[in-house]
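Down below is the structure, laid out as structure tokens.
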Amino acid sequence: MLSPHIRDYTGKRVHMIGIGGSSMSGLAEMLQQKGYAVTGSDGTESYATKKLRALGIPVEIGHRPENVRGAGLVVYTAAIAPDNPERLEIARLNIPSMERATLLGQLMEGYPRAVGVCGTHGKTTTTSMLSQIAVNAGLDPSVHIGGQLDAIGGSTRIGGGDAFVAEACEFNASFLHLRPTIAVVLNIEEDHLDFYRDIDDITQTFGKFLSLLPSDGLCIGNGDDPRVASLMEALSCAHETFGMDGRCDWHPDNLLEDDTGRAGFDLVYKGEARTRVQLSVPGRFNVLNALAAMAAAHALGASFEDLKRGMEAFTGAHRRFEHTSTVQGVRLYHDYGHNPTEMRNALSIAKMQHPTRLWAVMQPHTYSRVKHLFGSYIDCCRDADEILITDIFAAREKDPGDIHATMLVEAIEKTGQRVHYTPTFDDAEAYLRAHWQPGDLVLTMGCGNINLLNDQIAQHEPQN
């Protein structure tokens with residue numbers, strides 16, 4: 001039996017299992033805009049599921065066999081296990097199906113310039129930056145982001161240009177389903193060790209992704225990252241580097257940061273300063289993200305003036321160090337960061353906002369990640385004055401019984417950091433309200449549903 005292709009299901013119902021995911025919800029919108037009849041199911045209610053219903057896409061909460069009956073094609077995420085009742089039913093009924101990344105790859109077909117932005121962290125921000133520059137420059141790209149960007153009205157955009165810009169996710173090696181002509185590699189670090197054997201396995205898989213580039217393709221990679229640099233050296237196609245090192249093709253010069261961590265710098269390309277850029281988002285890591293985005297936009301045809309204008313207009317994607325409210329004089333922020341490096345980065349820019357006290361509220365994400373990166377979790381919140389840790393967000397996993405949030409709390413406590421176990425959102429809110437003071441800053445972190453804690457706290461405030 002031939003593998004299904006989305007183009008053969010026009011006019012038929014496409015059912016999406018796990019439709020509330022950041023990528024899946026965007027793909028659902030894209031399919032609807034292309035004229036497909038879309039339905040979906042997810043394990044939990046979320047912003048995404050509510051938004052999809054508002055767009056006229058039926059979404060069921062809970063996975064049940066009857067959800068897939070009558071569908072012409074079923075799309076599922078890599079996080080949906082084979083024993084999921086809906087996947088079992090599509091196997092029983094022999095309904096054609098494909099994984100999310102396969103669908104994304106098929107949608108990208110036919111675009112002469114297909115950009116895949118990959119890396120252990122920074123993908124959503126960099127893809128958002130690139131998309132904003134490309135749209136502002138009049139390149140009219142099609143876009144798929146694993147997040148929400150106001151500049152494109154959400155997570156997807158269908159453009160009339162010849163470029164498709166997308167995040168290329170390494171989870172379960174999903175990005176190997178794509179066929180990029182331009183690949184952006186931000187960094188390679190340990191993560192998803194429930195799937196990968198070790199860092200060498202991760203690096204080799206990134207190498208396989210880069211091997212998908214055609215002979216006339218382009219790789220844009222982080223020259224400061226030795227693993228990325230090593231992979232680029234082995235490529236037969238063209239490649240450019242970005243980084244803080246002055247030897248990189250794209251690097252900053254005369255970098256100055258204001259007192260909240262927002263950087264301005266001269267953009268240097270091939271040894272020549274081309275323009276000066278002032279970022280509206282804080283953090284040294286965002287300088288790297290901006291360099292990568294501008295290098296990719298330049299490859300798509302944006303001028304240096306386009307790079308400057310588009311980059312300076314970028315104010316951030318949702319759930320990336322996003323200010324959600326101020327309650328009782330306390331600033332509440334949320335960040336999607338869920339591995340130790342991302343949380344450390346988010347806290348570094350929170351500290352630059354000069355709070356009286358900095359509160360980190362961490363929702364550890366998946367049992368396997370906490371187990372494999374346990375040592376890194378212990379130190380990633382050192383910039384915080386107080387740390388709250390909720391129960392682990394299971395996501396796609398079942399509780400193995402040998403790891404618990406309290407184990408993380410105990411290990412952090414032994415290092416002298418002030419840490420508290422607040423298993424539920426109600427517990428976390430109660431602790432915060434009992435101890436915070438005006439001038440404090442609270443940063444919730446995680447890619448589960450910890451952002452709902454911010455909403456809950458704001459909703460409990462009396463309305464004037």
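Judged by the 6.0 Å distance and 45° axis criteria, Arg87 is positioned over the aromatic ring of Tyr76.
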Worked check of side-chain hydrogen bond (donor to acceptor under 3.5 Å, both in side chains) between Asn339 and Glu190: CA-CA 9 Å; Asn339 72 29; Glu190 285 187 318; over 6 Å; no
Steps toward side-chain hydrogen bond (donor to acceptor under 3.5 Å, both in side chains) verdict (Arg13, Thr39): CA-CA 7 Å; Arg13 179 162 72 93; Thr39 63; 2.7 Å; yes
Intermediate values then yes/no, side chain to side chain contact (heavy atoms under 4.5 Å, CB included), Thr120 and Thr341: CA-CA 9 Å; Thr120 310; Thr341 297; over 6 Å; no
Test side-chain hydrogen bond (donor to acceptor under 3.5 Å, both in side chains) applied to Thr424 and Asp427, step by step: CA-CA 5 Å; Thr424 70; Asp427 295 325; 2.9 Å; yes
Step-by-step side-chain hydrogen bond (donor to acceptor under 3.5 Å, both in side chains) determination, His144 to Ser23: CA-CA 8 Å; His144 178 66; Ser23 176; 2.8 Å; yes
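Inter-residue side-chain proximity for Lys12 and Tyr36 is flagged as unmet; no heavy-atom pair is nearer than 4.5 Å. Side-chain contact between Met98 and Ser3 is absent, with no heavy atoms from C-beta onward closer than 4.5 Å. For the pair Met129 and Asn286, the minimum side-chain heavy-atom distance is below 4.5 Å. Val184 places none of its side-chain heavy atoms less than 4.5 Å from the side chain of Cys118. At a threshold of 4.5 Å between non-hydrogen side-chain atoms, the residues Ser280 and Met311 do not count as touching. Using a 4.5 Å heavy-atom threshold, the side chains of Thr366 and Lys371 count as separate. Using a 4.5 Å cut-off on side-chain heavy atoms (C-beta onward), Val135 and Pro141 make contact. Side-chain contact check for Cys380 versus Met362: some heavy-atom pair is nearer than 4.5 Å.
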With a 3.5 Å cut-off and sequence neighbours excluded, list the donor-acceptor pairs that the side chains of residues 101-117 form with protein atoms.
unit_1 : atom_1 : unit_2 : atom_2 : d
Thr102 : OG1    : His177 : ND1    : 3.2
Gln106 : OE1    : Ile6   : N      : 2.8
Gln106 : NE2    : Pro4   : O      : 3.0
Glu109 : OE1    : His5   : NE2    : 2.9
Tyr111 : OH     : Ser142 : OG     : 3.0
Arg113 : NE     : Asp162 : OD1    : 3.2
Arg113 : NH1    : Leu300 : O      : 2.6
Arg113 : NH2    : Asp162 : OD1    : 2.8
Arg113 : NH2    : Leu300 : O      : 3.3

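Between the side chains of Asn67 and Glu60, no donor N or O sits under 3.5 Å from an acceptor N or O.
Atom NE2 of His121 sits about 9.0 Å away from atom CG of Asn289, to the nearest 0.5 Å.
The side-chain hydrogen bond (donor to acceptor under 3.5 Å, both in side chains) check on His404 picks up Thr406, with sequence neighbours excluded.
Put simply, the residue from Glu167, Glu170, Glu342 that forms a salt bridge (charged side-chain N to carboxylate O under 4.0 Å, His left out) with Lys123 is Glu170. Checked against Thr203 for a side-chain contact (heavy atoms from CB on, under 4.5 Å), the options Ile188, Val228, Asp198 give a single hit: Ile188.
Applying the side chain to side chain donor-acceptor pair (under 3.5 Å) definition to pairs two or more places apart or across chains, those involving residues 443-452 are Arg319-Asn451, His334-Thr444, Gln363-Asn449, Thr444-Asn454.
Ring pair Phe206/Phe175 is perpendicular by interplanar angle, where above 60° counts as perpendicular and below 30° as parallel. Between His365 and Phe393, the ring-plane angle classifies as parallel under the 30° and 60° cut-offs.
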